[in-house]
Q: 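Before we start, here is the structure in question, set down as C-alpha cells.
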Amino acid sequence: MLKGKVGIVFGIANKRSIAWSIAEAWHRAGAQLALTYQGDRLRDNVAELAHGLGGNIPIYPCDVTKDEEIDNVFKSLGNDFDCLDLVLHSVAFAPKEALEGQFLETEREAFRVAHDVSAYSLVAISRAALPLMTNGGSIVTMTYYGSEKVVPHYNVMGVAKASLEATVRYLSYDLGSRKVRVNAISAGPVKTLAARGIRGFSSMLTYHSEHAPLKRNVEIEEIGNTGLYLGSDLSAGVTGEIIFVDCGYNIMGM
Ligand code: 0WE
C-alpha cells in the first residue's frame, strides 16, 4: 500500500514505542524508512530496530528542540532519498514534576519546554520536511484525550496537546494546496517507556479498560494500523483530523 513511498519517523525510544508500531506498519506496507533518535542514549536501540527491518535504513540524530539538528536530518534525508512522502511525529515531553500534583503549580519553564517539545516541534519538522515532499504526502502526529477533557495529573501535557491539535488544523490548511495532509491519532493509554515514568499508570489502564465500550485497552498494533491508514491513500480525503484509537473511551459521558 506504500510501495515506492519514503517515510521518516521521529519518536522511537525502543520496540514498545508507538512510533515503532507505526514504523513497522509503514515498512510492512512497502515504504522505505529513515529513523531518528534523540541523544546517544537511544542510538543503539534505534540502530538495532533499523537493522531488524533489513536493507539499510538510515538513522539520524535529532533533538527536536534544536533547529540545526532538524535541518541536518532533512539534509541527510535529501542525500539518501529523492523525495519524502510520510512523516511521523511521535514526540512529547514535560518535566516529571509537571505531571504530578496540581496544574496550578506549573512553572514557566516547564510550560515552555512542554510546548516546545510536544507542539512547536511539529511546525519545525513540517516546515523542514516540505521541500522534499514534492509529490504531496502525509504528516501524522500523536495526541491524547487529556487535550480536551481534564485527566488528573496530565496537566501541562494536556495544554500542550491542545496546542498540538490546533497546530494540526492550521498546518493542514497551509499544506493542503501542496497535497500534504496533516492528522493526529488520539490513542488510548499504552504502556510505553514514556508511560513507565508516570505514577498510577497501571490503575489508569485498568480504569480505561473497564469504562471503554470495547471493555479493553488499545493494542499498539491498532495504533500502527491507523498510522498506516493515515499514511496511505485510503485516507486521501482526510486532513486536519484527530482520529481516536481508544476502544471508544472518549465517547462516554459516564
Ligand atoms: O502523552 C503522554 C505522556 C507523555 C510524557 C511522558 C513523560 C514521562 C516521563 C511526557 N513527558 C514525560 N516526562 C517524563 O519525565 N501520555 C498520553 C501518557 C500519559 O501520561 C500521563 C497520563 C497519560 C495517559 C500523565 C498523567 C496522567 C495520565
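Numbering of residues begins at 1 and proceeds along the displayed sequence. Source: prediction; values computed, not measured. Order of listing sets the numbers, starting from 1, for every ligand and every atom in it.
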Q: In this structure, which one of Val140, Thr143, Thr226 forms a side-chain contact (heavy atoms from CB on, under 4.5 Å) with Ile243?
A: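 Result: among Val140, Thr143, Thr226, Thr226 is the only option passing the side-chain contact (heavy atoms from CB on, under 4.5 Å) with Ile243.
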Q: Going by the closest heavy atom to atom 1 (O) of ligand 1, which one wins out of Tyr145, Tyr154, Tyr144, Phe93?
A: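 Among Tyr145, Tyr154, Tyr144, Phe93, the closest heavy atom to atom 1 (O) of ligand 1 comes from Tyr154.
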Q: Looking at Lys96, which atoms of ligand 1 are within less than 4.0 Å of one of its heavy atoms?
A: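 So the atoms of ligand 1 that pass are 15 (O).
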Q: To which protein heavy atom is atom 20 (O) of ligand 1 closest, and what is the distance rounded to 0.1 Å?
A: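 Scanning the protein heavy atoms, the shortest distance from atom 20 (O) of ligand 1 goes to Ile198 CD1, 2.9 Å.
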Q: Is the shortest side-chain N to carboxylate O distance from Lys96 to Glu100 below 4.0 Å?
A: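 The answer is yes: the pair qualifies as a salt bridge.
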Q: What is the closest protein heavy atom to atom 13 (N) of ligand 1, and at what distance does it sit?
A: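 Checked against all protein heavy atoms, atom 13 (N) of ligand 1 sits closest to Ala94 O, 2.7 Å.
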Q: Does any non-hydrogen side-chain atom of Arg169 lie less than 4.5 Å from one of Tyr173?
A: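 No, side chains not in contact.
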Q: Less than 4.5 Å apart, side chain to side chain, heavy atoms only: is that true for Lys215 and Ser209?
A: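 They are not in side-chain contact.
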Q: Less than 4.0 angstrom from a charged side-chain N to a carboxylate O is my criterion; do Asp63 and Lys66 meet it?
A: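 Answer for the salt bridge query: yes.
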Q: Of Ile18, Val218, Val190, which meets side-chain contact (heavy atoms from CB on, under 4.5 Å) against Val245?
A: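 Among Ile18, Val218, Val190, the one that satisfies the side-chain contact (heavy atoms from CB on, under 4.5 Å) with Val245 is Val218.
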Q: Can you tell me if Pro152 contacts ligand 1 (heavy atom of the residue under 4.0 Å from the ligand)?
A: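 Heavy atoms of Pro152 do come under 4.0 Å of ligand 1.
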Q: In terms of relative ring orientation, are Tyr249 and His208 parallel, tilted or perpendicular, with 30° and 60° separating the classes?
A: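 Plane angle under 30°, so parallel.
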Q: Please list, in number order, the atoms of ligand 1 under 4.0 Å from a heavy atom of Leu99.
A: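 Numbered from 1, ligand 1 contributes 7 (C), 11 (N), 12 (C), 13 (N).
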Q: What protein heavy atom sits nearest atom 18 (C) of ligand 1, and how far away is it?
A: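 The closest heavy atom on the protein side is Phe201 CE1, 4.1 Å.
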Q: How far is atom 28 (C) of ligand 1 from its nearest protein heavy atom, and which residue and atom name does that atom have?
A: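 Here the closest protein heavy atom is Met204 SD, 3.3 Å.
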Q: Would you check whether Ala195 reaches within less than 4.0 Å of ligand 1, judged by its heavy atoms?
A: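 The answer is no, since Ala195 has no heavy atom less than 4.0 Å from ligand 1.
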Q: Distance to 0.1 Å, residue and atom name: give those for the protein heavy atom nearest to atom 9 (C) of ligand 1.
A: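 Checked against all protein heavy atoms, atom 9 (C) of ligand 1 sits closest to Ala194 O, 4.2 Å.
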